[in-house]
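Residue numbers begin at 1 in each chain, while the letters A, B, ... track the order of the sequences.
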Protein chains: 2
Amino acid sequence: MSIHFGSTKDISTFIREITWHFGSRGLKGECCGDLSQPEYRALCMASEKSKGAMRMVAKSLGFTMSGASRVIDRLEKMGYAKRKRIPEDGRVCCIEVTPSGQTLIKNLSQEYDNRIDKIMSKIDPAMQEIIGTALRSFVKMIKQED
Amino acid sequence: MSIHFGSTKDISTFIREITWHFGSRGLKGECCGDLSQPEYRALCMASEKSKGAMRMVAKSLGFTMSGASRVIDRLEKMGYAKRKRIPEDGRVCCIEVTPSGQTLIKNLSQEYDNRIDKIMSKIDPAMQEIIGTALRSFVKMIKQED
DNA sequence: TATAGTTAGTTGACAATGTCAACTATTCAA
DNA sequence: TTGAATAGTTGACATTGTCAACTAACTATA
């Protein structure tokens, strides 16, 4: 209990608000276009790490292998990703993002940025700066949560 | 495009991280104990506004009336809430949070606070202050998003 | 070099959750 | 007093993720 500012309760409330607002159930359920949040995340995952094997996808999503497999099934069916066997290990299968998938990521990302930008633009520039700094620091810490 | 700090892209990324991390799929899927996020939110809703009719629940969740009804079904089955007809209007049904529900809210809220507190306590006090201010300002703006 | 044990991933059966459309019951308005 | 509107519920259904059982491939050991 070493918090001296507005109090932990405030922060909790703020985080809940943000989580809900930008979550899959937020504003018009609009978080990732046609994709669910897990699908979007998986696609990004696969796009960043070319070595994005199923296992990594599952881990990143917090899903079972089974669940991850299903997510990739859907992305494949939609034409955004493709499974590729690798010669090094016949069991492993890497996820390749198709050009159509790349485009989708770019567009969704842009839409999201626009949304954030629209919100931020109504805030006083000094506070914008503060928000950037604050979020960076906060996110850094949550990544260390065990 | 009036953003001059780290850039909108950073903020977007931070928000996505927070949304995911604290969302229903985050750390061990632990967001609201036995309750799903919608269930928790509905229960809070009903607890805050004593006039928490189904309609309000549905609106607050972004669900159809049908969906809201199902959520309350579950809360009722778990013994956390109870439907109450009101005399003013025979159609309306208000959601009453049971004592057991009140306790649950209190406990979940406490757990959440502890989690946040644990994160915040690792951050330099000055930055804690900044985060509080920043989040307050940010959340205020997202509530105005149309 | 067999062979037993891991590891990667898939799939069938299932449970949970929310939508749509159709329904009941009540209230409001003319 | 009747017809339209409003509140809410429910059946049928689609989606999504889990568990358990499975296949296939790799690895270490005898």
Side-chain angles (χ1 to χ4, degrees), chain A residues 20 23-43 45-46 49 51-78 80-96, chain B residues 20 23-43 45-46 49 51-78 80-96:
Chain A
W20 182 267
S24 30
R25 289 273 150 215
L27 201 52
K28 293 189 286 173
E30 240 187 57
C31 89
C32 318
D34 291 336
L35 301 187
S36 68
Q37 224 175 351
E39 281 157 10
Y40 177 80
R41 200 176 170 86
L43 200 59
M45 230 277 153
K49 310 204 176 181
K51 282 287 173 203
M54 290 301 308
R55 189 140 290 275
M56 297 304 285
V57 173
K59 194 183 171 201
S60 159
L61 295 183
F63 282 15
T64 59
M65 282 292 285
S66 170
S69 191
R70 297 259 140 93
V71 170
I72 301 301
D73 280 349
R74 286 178 330 246
L75 289 175
E76 214 166 11
K77 199 168 293 173
M78 294 187 272
Y80 297 136
K82 203 151 180 32
R83 285 172 167 90
K84 275 270 154 71
R85 291 289 170 183
I86 58 167
E88 295 90 327
D89 189 329
R91 295 166 301 178
V92 174
C93 110
C94 281
I95 315 306
E96 225 179 66
Chain B
W20 183 266
S24 32
R25 290 274 152 213
L27 201 51
K28 292 190 282 172
E30 239 187 59
C31 87
C32 319
D34 290 336
L35 301 187
S36 68
Q37 224 175 348
E39 282 158 7
Y40 176 80
R41 199 175 172 87
L43 200 60
M45 231 275 150
K49 311 204 177 183
K51 283 282 173 204
M54 291 301 308
R55 189 141 292 275
M56 296 304 286
V57 173
K59 195 185 169 199
S60 158
L61 295 183
F63 281 16
T64 59
M65 282 290 286
S66 169
S69 191
R70 298 262 141 91
V71 170
I72 302 300
D73 280 349
R74 291 184 319 251
L75 289 176
E76 215 166 11
K77 198 168 294 173
M78 292 186 275
Y80 297 135
K82 203 152 177 35
R83 285 171 168 89
K84 275 268 155 72
R85 289 290 170 183
I86 58 168
E88 295 90 324
D89 189 330
R91 295 165 301 179
V92 174
C93 111
C94 280
I95 315 307
E96 226 179 65

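- Side-chain contact between B/Trp20 and A/Leu61 is present, with at least one heavy-atom pair separated by less than 4.5 Å.
- Of the charged side-chain nitrogens involved, at least one lies within less than 4.0 Å of a carboxylate oxygen, so that B/Glu96 and B/Lys84 count as a salt-bridged pair.
- One can place CD of A/Glu88 at 15 Å from P of C/dA8, the figure rounded to the nearest angstrom.
- Regarding A/Asp89, its CG atom lies at a distance of 11 Å from the C1' atom of C/dG9, rounded to whole Å.
- If you take CE of B/Met54 and C1' of C/dT24, they are 16 Å apart, rounded to a whole angstrom.
- For C/dT7, its base sits under 3.5 Å from the side chain of A/Arg91 at one donor and acceptor pair at least.
- Proximity of B/Phe63 to B/Val57: side-chain heavy atoms (C-beta onward) are nowhere separated by under 4.5 Å.
- Between B/Leu61 atom CG and C/dG18 atom P the separation is 8 Å, expressed in whole Å.
- When each of A/Val92 and B/Pro38 is assigned the nucleotide of DNA chain C bearing its nearest heavy atom, the one mapping closer to the 5' terminus is A/Val92.
- Atom-to-atom, CE of B/Met65 to P of C/dC23 comes out at 18 Å; the value is rounded to the nearest Å.
- Among the atoms of the strands shown, only primed sugar atoms or phosphate atoms (P, OP1, OP2) are found under 4.0 Å from some heavy atom of A/Gly90.
- Residues that satisfy the side chain to side chain donor-acceptor pair (under 3.5 Å) test with A/Ser69, not counting sequence neighbours, are A/Arg83.
- Separating the CZ atom of B/Arg70 from the P atom of C/dT19 is a distance of 10 Å, rounded to the nearest angstrom.
- Map B/Ser69 and A/Gly67 each onto its nearest nucleotide of DNA chain D; the residue landing nearer the 5' end is B/Ser69.
- Between atom SG of residue B/Cys94 and atom CZ of residue B/Arg55 there is a gap of 13.0 Å, rounded to the nearest 0.5 Å.
- Boundaries of the chain A contact region on DNA chain D are D/dT16 to D/dC26, first to last in 5' to 3' order (nucleotide atom under 4.0 Å from a heavy atom).
- If you check every strand for non-hydrogen atoms under 4.0 Å, B/Ser66 touches a base.
- When each of B/Arg55 and A/Ala68 is assigned the nucleotide of DNA chain D with its nearest heavy atom, B/Arg55 is the one assigned upstream, toward the 5' end.
- With contacts defined as side-chain heavy-atom distances shorter than 4.5 Å, the pair B/Leu75/B/Leu35 qualifies.
- Considering only heavy atoms from C-beta on, A/Ser36 comes within 4.5 Å of A/Glu39 through its side chain.
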